[in-house]
Asks: 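Shown below is the structure under consideration.
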Amino acid sequence: LQTDGYETVCYNLKCPGFVQTNKRTTLGTTLQPVSEYGGPQYAIDVEMFKDNRTGNWWVYLQGTEMGYWAKELLPSLEQGAEFVDFGGEVLNLRSSGQHTSTEMGSGHLPYEHFRKSSFFKNVQCLNREYTYQPPNFIRDLSEKRDCYALEPSSDVSGPWGYFFYYGGAGRLGRCQ
């Protein structure tokens with residue numbers, strides 16, 4: 001969850017406040033098996049939502065509760081979120097003028113598609129009536145398209161619902 005313009009970034013248990021409720025799997029651990037380039041592909045089901053009763057923000061993995069952030073930690077989200085970000089993120093701290101060589105996703109650009117590019121499928125948002133629906137406004141926020149990119153789906157009525165491929169190799173080829 002992000003509430004302060006990326007001044008505080010917490011994706012795992014390194015920052016205080018997340019209440020872990022699952023004793024078998026913790027946030028930040030490696031999930032197995034892992035997809036292989038050109039080979040078997042594996043997907044995980046992740047849900048994040050504001051509990052209508054308590055106001056806490058819950059995380060579910062594969063339909064199992066992992067834990068929550070207490071509503072007091074996220075006062076700006078009291079009325080819910082205005083937008084949701086999906087995709088990958090790479091931090092580039094290089095002062096040399098060269099872009100980082102850090103890969104995003106599988107390290108391959110989205111036009112390579114299934115078995116090669118990373119993907120999100122069945123992307124849905126929970127509205128104020130607590131009904132799941134596909135996103136109604138999509139915007140690609142890619143900053144270095146020669147390094148990383150996103151390709152949204154064209155058939156949202158298919159078995160994957162709204163989906164997109166994303167990724168990139170970082171500082172290779174045209175990416176500088």
Asks: Hey, does the side chain of S117 reach the backbone of L109 with a donor-acceptor pair shorter than 3.5 angstrom?
Replies: yes
Asks: Would you say Q124's side chain and T131's backbone share a donor-acceptor pair under 3.5 angstrom?
Replies: no
Asks: Counting only heavy atoms not in Y111 (residues, nucleotides, ligands), do more than 12 fall under 6.0 Å from its OH?
Replies: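 Atom OH in Y111 is not packed in, count stays at 12 or less.
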Asks: Between N56 and A70, what is the shortest heavy-atom contact and its length?
Replies: OD1-CA, 3.3 Å
Asks: According to a 4.5 Å side-chain heavy-atom criterion applied to Ile, Leu, Val, Met, Phe, Trp and Tyr, with indirect links allowed, do V123 and W160 form part of one hydrophobic cluster?
Replies: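 No; tracing contacts between hydrophobic side chains, which count when under 4.5 Å, never links both residues.
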Asks: Heavy-atom distance under 4.5 Å between the side chains of Q62 and I44, does that happen here?
Replies: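 Result yes, sub-4.5 Å side-chain heavy-atom pair found.
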Asks: Could you state whether Y166 and Y162 fall into the same hydrophobic cluster, counting links through intermediate Ile, Leu, Val, Met, Phe, Trp or Tyr residues with side-chain heavy atoms under 4.5 angstrom apart?
Replies: yes
Asks: Take a 6.0 Å sphere around NZ of K50 and say whether it holds more than 12 heavy atoms from other residues, nucleotides or ligands.
Replies: yes
Asks: Following the transitive rule for hydrophobic clusters with a side-chain heavy-atom cut-off under 4.5 Å over Ile, Leu, Val, Met, Phe, Trp and Tyr, establish whether L31 and V59 coincide in one cluster.
Replies: yes
Asks: Taking the side chain from S106 and the backbone from K116, do they hold a donor-acceptor pair closer than 3.5 Å?
Replies: yes
Asks: With no hydrogens and no angle check, is any side-chain donor or acceptor of Y130 less than 3.5 Å from a backbone partner on N52?
Replies: yes
Asks: Spell out, as yes or no, whether a donor-acceptor pair under 3.5 Å connects the side chain of S35 to the backbone of Y42.
Replies: yes
Asks: With ring centroids as reference points, do F114 and Y165 lie under 6.0 angstrom apart?
Replies: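 Judged by ring-centre distance (under 6.0 Å), F114 and Y165 do not meet the cut-off.
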Asks: Going through the distances and angles, do H113 and E151 end up as a side chain to side chain donor-acceptor pair (under 3.5 Å)?
Replies: CA-CA 9 Å; H113 295 149; E151 184 179 304; 2.5 Å; yes
Asks: Are Y60 and Y68 joined in one hydrophobic group, where the rule is that I, L, V, M, F, W and Y side chains link up if heavy atoms are under 4.5 Å apart?
Replies: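 Yes, Y60 and Y68 fall within the same hydrophobic cluster.
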Asks: Any donor and acceptor pair, going by atom type alone, linking the side chain of T21 with main-chain N or O of M66 inside 3.5 Å?
Replies: yes
Asks: For F119 and F163: C-alpha separation, side-chain torsions, deciding distance, then whether ring-ring contact (aromatic ring centres under 6.0 Å, His included) applies.
Replies: CA-CA 7 Å; F119 60 88; F163 70 95; 8.2 Å; no
Asks: Are any side-chain N or O atoms of R128 and backbone N or O atoms of Q79, one a donor and one an acceptor, separated by less than 3.5 Å?
Replies: yes
Asks: Would F18 and W57 satisfy ring-ring contact (aromatic ring centres under 6.0 Å, His included), going step by step from the backbone distance to the final call?
Replies: CA-CA 9 Å; F18 185 78; W57 285 84; over 10 Å; no
Asks: Any Lys/Arg nitrogen of D140 or R145 sitting under 4.0 Å from an Asp/Glu carboxylate oxygen of the other?
Replies: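 Looking at D140 and R145, the cut-off is met.
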